[in-house]
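Written out below as structure tokens is the structure these notes cover.
Numbering of ligands and ligand atoms starts at 1, following listing order. Small disclaimer: the values here were computed from a predicted structure and weren't measured.
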Amino acid sequence: MKRHITLGEFIIENQKDFPYAKGELSALLSSIRLAGKMVNQGINKAGLAEIVGAAGGENVQGEDQQKLDVIANDMFISTLRKRGEICGLASEEMEDHIVFDDAIHSDAKYVVLIDPLDGSSNIDVNVSVGTIFSIYRRVSEPGSPATLEDFLQPGNKQIAAGYLVYGTSTMLVYTTGNGVNAFTYDPGIGSFFLSHPNMKVKENGKIYSINEGNYVHMPEGVKRYIKWCQELDPATNRPLTSRYIGSLVADFHRNLLKGGIYIYPQGTTAPNGKLRLLYECNPMAYLIEQAGGKASDGKTRIMDIDPTELHQRVPFFCGSSEMVDKAEWFLKEYPSD
Ligand code: AHG
Ligand code: MN
Ligand code: MN
């Protein structure tokens, strides 16, 4: 009989992967799991509860309404603050990083970056959204307050990264540098179970994911790549399939399972694209590389980019390695300037 492994058991069993760790990272992953369950509950109720709407607005009772991405942000902060594993956190929802500067936190070794709710415009229409997280070891001295430098580290220094996808089922997918494992949530029991061990992405897939509404603003190489995707594949006598949800997490998750490429390129209206390096692209790049795929900005490996700002944007080409190679080839062959 197949043994059921919960996420909690898996985290404890794999603590041995970190010979010098004293269990803080395992505890931190457990805290993220807990916060994810809370956000999941909020999302599931979003159609019922009066929590959908613009932040700053009022609901019918005249109470302040909060957008779910602000609520998700608060849930992660309060859950992680109640435990002692991190000394600071940065989020898409906050301009500056926050420092957990008290006795239980200042000795902590780790910092976390999050996109608490990714694809949030999809909430109102009952389409999948997610949470993305990235974990680094601090570079500042333990015992002192966390600094901006703790957060501005290249992706190749990540200790762990992952996402929750709140879809037809809720899943938590993460890596600590020893492959990618995915856990599916059983809401009746309240536990995540290992459902997709050691995930690998196909070297070549059949799906391309890009917002083609931006076509006229795209670099020539990306336009040519899209046209190449639309040509008939002699092996199947079909073009590639276009799929774009508009939630990076959901688009990434599908392409990880089926093989494909996700692109958010630079454009004339967004010179560095839209996605954020530190809490969207780096964690996804770590996951896709651990699954055997590739992530670049069209030229440079995403995880080798030295960040200069917390909310820095970067063009993003991510997925099956042969597809990313092909897109890079088009960018090189048809330079825009
Ligand atoms: P967020 O909801 O965290 O702001 O992220 C939205 C991002 C990403 O999830 C998605 O892939 C992309 O924005 C979609 O952008 P377009 O609507 O421009 O295609
Ligand atoms: Mn996002
Ligand atoms: Mn977001």
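Close approach of ligand 1 to S247 (heavy-atom distance below 4.0 Å) involves ligand atoms 9 (O), 11 (O). Near E280, with a cut-off below 4.0 Å to any heavy atom, the atoms of ligand 1 are 3 (O), 5 (O).
Residue Y185 holds its OH atom at 14.0 Å from OG of S195, rounded to the nearest 0.5 Å. Atom CD1 of I114 and atom CG of L89 lie 5.0 Å apart (nearest 0.5 Å). Between the CG atom of L117 and the CD1 atom of I123 there is a distance of 5.0 Å, given to the nearest 0.5 Å. The CG atom of N181 sits 10.5 Å away from the CG atom of L172 when rounded to the nearest 0.5 Å.
Closest N/O/S atom of D115 to the Mn ion (ligand 3): OD1. Closest to the Mn ion (ligand 2) among the N, O or S atoms of D118 is OD1. Taking the Mn ion (ligand 3) as reference, the nearest N/O/S atom within E92 carries the name OE1.
Among the atoms of E280, an N, O or S atom falls under 2.8 Å from the Mn ion (ligand 2). The Mn ion (ligand 3) has an N, O or S atom of L117 closer than 2.8 Å.
With a heavy-atom cut-off of 4.0 Å, Y262 touches ligand 1 through its side chain alone. Residue L117 touches ligand 1 through its backbone alone, judged by heavy-atom distances below 4.0 Å. Of the heavy atoms in D115, only side-chain atoms (C-beta onward) come closer than 4.0 Å to ligand 1. Counting heavy atoms closer than 4.0 Å to ligand 1, residue S120 contributes atoms from both its backbone and its side chain. Only the side chain of N211 comes within 4.0 Å of ligand 1, counting heavy atoms alone; its backbone N, CA, C and O stay farther away.
Protein heavy atom at the shortest distance from atom 5 (O) of ligand 1 is D118 OD1, 3.2 Å. Nearest protein heavy-atom neighbour of atom 13 (O) of ligand 1: K274 NZ, 3.0 Å. Counting only heavy atoms of the protein, atom 10 (C) of ligand 1 lies nearest to G246 O, 3.3 Å. Distance from atom 4 (O) of ligand 1 to its nearest protein heavy atom, with residue and atom name: E92 OE2, 3.1 Å. For atom 18 (O) of ligand 1, the nearest protein heavy atom (residue, atom name, distance) is Y264 OH, 2.5 Å. The nearest protein atom to atom 2 (O) of ligand 1, hydrogens excluded, is given as G119 N, 2.8 Å; this is a heavy-atom distance.
We find that E328 and K294 are joined by a salt bridge, their nearest charged nitrogen and carboxylate oxygen being less than 4.0 Å apart.
For the pair K326 and W329, the cation sits on the ring face: its NZ or CZ lies under 6.0 Å from the ring centre, inside 45° of the axis. Within the cation-pi definition used here (under 6.0 Å to the ring centroid, within 45° of the axis), K227 qualifies as a partner of Y215.
Other residues, nucleotides and ligands contribute over 12 non-hydrogen atoms within 6.0 Å of the CD atom of E9.
A salt bridge (charged side-chain N to carboxylate O under 4.0 Å, His left out) with E24 is found for one member of K109, R138, R83 and no other, namely K109. Among V129, I132, D115, the one residue that satisfies the side chain to side chain contact (heavy atoms under 4.5 Å, CB included) test with L248 is I132.
Annotation for S247 and D118: closest pair C-OD2, 3.7 Å, computed over non-hydrogen atoms.
At under 3.5 Å, a nitrogen or oxygen of Y244, whether backbone or side chain, sits near a nitrogen or oxygen of ligand 1. Some N or O of L248 is nearer than 3.5 Å to an N or O of ligand 1, by distance alone.
The shortest side-chain heavy-atom distance between I226 and I263 does not fall under the 4.5 Å cut-off.
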